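Have a look at the structure below before the remarks.
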Amino acid sequence: MKQKTLEGKTLSPGLAIGTAFIYRDVLKTPDEFYDIDEDQVDQEIRRFDGAVEHVAGLLTELAASVEKEMNDSMSGVFDAHSIILQDASLGNEVREKIRNELVSAASAVRAVFRRWERRFKAMDAEVSRQKADDMRDLSRRLIHSLAGIRSHALEKLPAGSVLVANRLLPSDTIVLGRKKAAGAILEKGGTGSHAALFAREIGLPCVAGLDGLVNKVAGDGTVLVDADRGVVVLDPDESTRSAYEKKRSAHTQAFSRAKKDAAKSAVTQDGTRIAVLANVGCPEDTANAVDNGAEGVGLYRTERLYLDKSRPPDCEALLEELRATLLPAAELPVYVRLLDAGADKPLPFMDTSREANPALGKRGIRYLFDAPELLSTQLKALLRLSTEFNLHIIVPMVTLPSEMERVRSLLAEEAEQLNITTLPKLGAMIETPAAALGAEAMSGPADFFSLGTNDLTQYVFATDRENPSVDHYFKDAHPAIFRLIRMVRQDLPDMDISVCGELAGYPEHVEKILRCGIRTLSTAPALIPRIKETIRNIRL
Ligand code: PEP
Ligand code: MG
């Protein structure tokens with residue numbers, strides 16, 4: 001097959017080669033939804049019956065494994081799905097539809113299950129609304145099965161393959177994090193999106209902005225990803241492969257060189273010491289960060305502790321997970337952010353349906369004030385953790401000093417109940433224009449600032465960081481952003497300020513950040529050796 005080159009944009013740098021692993025959302029791909037002729041009716045009915053049998057088997061397996069691993073009532077959900085699935089009248093409705101309307105099994109399933117979903121949704125009782133969700137889940141499983149796709153596609157991703165997908169949702173990254181993909185290529189994904197920063201966090205080379213990609217790649221084809229240049233080569237020929245191997249070996253050497261000195265501190269040519277910390281989300285990140293010379297955890301994004309749960313963890317469970325992630329950095333300063341949910345980071349148990357403009361709505365600390373139980377559980381767990389770690393707490397999406405005051409007083413109340421007399425430092429994410437422009441007032445109730453250039457860019461440029469169609473407005477290295485950074489620094493020369501947005505991980509922009517007067521950076525673990533090396537070559 002002739003090689004094909006596609007050009008996109010870099011979400012996370014690096015090089016990779018591997019077999020393509022295609023991840024489709026079946027409900028959005030038309031392949032399974034088609035009209036049929038009369039002589040295909042029996043075949044489609046047989047396909048439907050086969051899918052029912054397959055999904056029933058899957059549900060039994062799931063119920064058994066959930067019961068064993070989680071030991072709670074979750075397995076009941078799968079048992080209930082089995083019962084719905086075996087319901088004779090539902091099956092008959094699907095068969096009738098195939099026969100009378102001459103449509104494919106998947107089309108019939110989608111229509112019948114949708115009708116039931118709507119009926120349940122229209123009923124008032126909570127239990128009926130849950131049934132509506134059950135119907136959607138089941139139709140998805142059946143259509144997956146009809147399309148020949150078995151289980152959550154990413155669970156099956158073989159190590160070393162290149163993931164090919166339309167886009168990555170935060171919940172997908174949970175599964176992906178445990179798998180060792182070589183790289184990822186996406187149809188859609190903004191430079192400031194969470195898929196992008198997740199990829200950078202785990203050092204996964206990733207290119208996005210490749211229109212129609214999923215239908216262009218052959219399932220078992222070889223994909224070469226040059227994420228440094230935003231280029232993807234499908235079915236590379238011999239000469240492309242050998243050029244790639246050369247580049248990869250140069251890369252590996254450069255990384256080893258930077259890694260050799262990673263444990264040493266980063267001092268500029270003229271003797272200014274810069275602290276380089278890590279952005280982490282799970283225990284592997286922190287272990288990797290320390291190994292790469294991180295001088296602490298500058299930003300622990302706690303969202304991942306909530307993304308795969310149907311209800312929030314209680315204080316004990318939360319404490320255990322936080323501790324596990326921070327343990328590799330036990331002797332170092334750690335900055336843990338309160339849950340930053342909402343907008344681009346919706347959670348399974350969050351009702352976000354009512355907001356027309358979620359990025360400007362109840363996200364971050366605004367959401368937490370609306371969910372006092374959730375906030376108080378986090379404060380309790382963090383206070384307990386502060387007796388073991390050099391812990392700092394970061395408040396996300398702050399716009400007003402009064403929000404910091406409110407968190408501070410809640411923290412003091414919780415500490416009193418726990419008999420903890422030394423409170424951890426409490427700081428604000430400076431990631432909204434109001435917080436940056438009002439930094440002086442914000443410094444009253446805040447002990448430190450973490451400059452989040454990702455959201456700051458989103459709000460300064462009025463551009464949704466998750467929307468690829470406006471990605472060309474997402475300019476996180478624009479003079480406007482540097483001007484704000486410099487201004488915050490000049491307004492508060494003695495404040496502890498770090499930059500923890502993605503900007504801190506671009507070698508080409510490090511000097512400009514330092515010239516704004518910033519002396520602490522926090523970035524993805526995989527990027528730390530290179531950033532430290534870059535700093536050592538700078539003369540301020
Ligand atoms: C930021 O907004 O720059 C930031 C560090 O937070 P997040 O990317 O998690 O929103
Ligand atoms: Mg942010």
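The structure presented is a predicted model; accordingly, all values stated were derived computationally and were not measured. Both ligands and their constituent atoms are indexed starting at 1 by order of listing.
A donor and an acceptor atom, one from each side chain of Asp228 and His251, are located under 3.5 Å apart. Side-chain contact check for Lys380 and Ser376: at least one donor-acceptor pair (N or O, by modelled atom type) lies under 3.5 Å.
The proximity of Gln458 to ligand 1, defined as any non-hydrogen pair under 4.0 Å, does not occur for either the backbone or the side chain. The part of Met429 lying near ligand 1 is the side chain, judged by heavy-atom distances below 4.0 Å. Counting heavy atoms closer than 4.0 Å to ligand 1, residue Leu451 contributes nothing at all. With a heavy-atom cut-off of 4.0 Å, Met397 does not touch ligand 1 at all.
Looking only at side-chain heavy atoms (C-beta outward), Leu186 and Arg167 stay at 4.5 Å or farther from each other. When side chains are defined from C-beta on, Asp455 counts as touching Gln458, because their heavy atoms get closer than 4.5 Å. In this structure the side chain of Tyr300 reaches within 4.5 angstrom of the side chain of Thr325, judged on heavy atoms.
The nearest protein atom to atom 6 (O) of ligand 1, hydrogens excluded, is given as Arg337 NH1, 2.9 Å; this is a heavy-atom distance.
One finds an angle of 100° at the Mg ion (ligand 2) between OD2 on Asp455 and OE1 on Glu431, to the nearest 10 degrees.
With salt bridges taken as basic N to acidic carboxylate O contacts below 4.0 Å, none links Glu403 and Arg408. The pair Arg273-Glu295 meets the salt-bridge criterion, since a charged nitrogen lies less than 4.0 angstrom from a carboxylate oxygen. Using a 4.0 Å cut-off between a side-chain N of Lys or Arg and a carboxylate O of Asp or Glu, Lys259 and Glu533 do not qualify as a salt bridge.
Close contacts between ligand 1 and Leu197 involve ligand atoms 8 (O) [criterion: under 4.0 Å to a heavy atom]. Near Arg465, meaning under 4.0 Å from any of its heavy atoms, are these atoms of ligand 1: 2 (O), 7 (P), 8 (O), 10 (O). Near Gly501, meaning under 4.0 Å from any of its heavy atoms, are these atoms of ligand 1: 3 (O). Per-residue contacts place Cys500 under 4.0 angstrom from the following atoms of ligand 1 (heavy atoms of the residue considered): 5 (C). Atoms of ligand 1 found under 4.0 Å from any heavy atom of Leu299, numbered from 1 in the order shown, are 5 (C).
The shortest N or O to N or O distance between Glu303 and ligand 1 is not under 3.5 Å. For the pair Arg301 and ligand 1, the shortest N or O to N or O distance falls below 3.5 Å.
Lys532 places a side-chain N or O within 3.5 Å of a backbone atom of Ala262 that can act as its donor or acceptor partner.
The heavy atom nearest to atom 1 (C) of ligand 1, out of those in Thr302, Asn454, Leu456, Ile394, is found in Asn454.
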